[in-house]
Structure formats: structure tokens, C-alpha cells
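Below, each value reflects all heavy atoms present in this structure, side chains not excepted, and no hydrogens, waters or symmetry copies. As the structure is a computational prediction, the values presented were derived from the model and not from experiment.
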Amino acid sequence: MHMTDKEQATALIEEYAKLQRIKSAADREAEIEYQIRITKAKLEAIGIVAEDLDK
């Protein structure tokens, strides 16, 4: 899958926003868990089994 420059920029902006949200969260662990749930849902929506990625 090839991403356009605009798609790559959008993905990186979203990643940066997520990291800033974690950095400034009152409860970082809860925010990290939230981000993991959201990311797993996105992966599963495109057919990737997220459970295989857990440690």
C-alpha cells in the first residue's frame, strides 16, 4: 500500500497528537490503554488481528 505525501503527513500529525495527549494526560496509563484500544479497533477494521501484536 502506497501512501500519498498528504496521507503520510496526516498520519504523522495524528501520531504526534496522540503522543502529546499521552504526555499531558493526568493519568498516563489510562491514556495509553485508551490509545491501544483505539489503535486495535483501527487495525481490526482493516483485517489485522491485533491480538497477535500483544506482548
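- Within a 6.0 Å radius of CD in Gln20, more than 12 heavy atoms belonging to other residues, nucleotides or ligands are found.
- The two residues Ile22 and Arg28 have their closest heavy-atom pair at O-CG, 3.3 Å.
- No continuous path of hydrophobic side-chain contacts links Ile36 to Leu43 [ILVMFWY only; heavy atoms under 4.5 Å].
- Note that CD of Gln35 and CD of Glu15 are 8.5 Å apart. Values are rounded to the nearest 0.5 Å.
- When all heavy atoms of Lys18 and Thr39 are compared, the pair lying nearest together is NZ-OG1, 4.1 Å.
- Smallest separation of non-hydrogen atoms from Glu7 and His2: OE1-O, 4.1 Å.
- No side-chain heavy atom of Lys23 sits under 4.5 Å from any side-chain heavy atom of Leu19.
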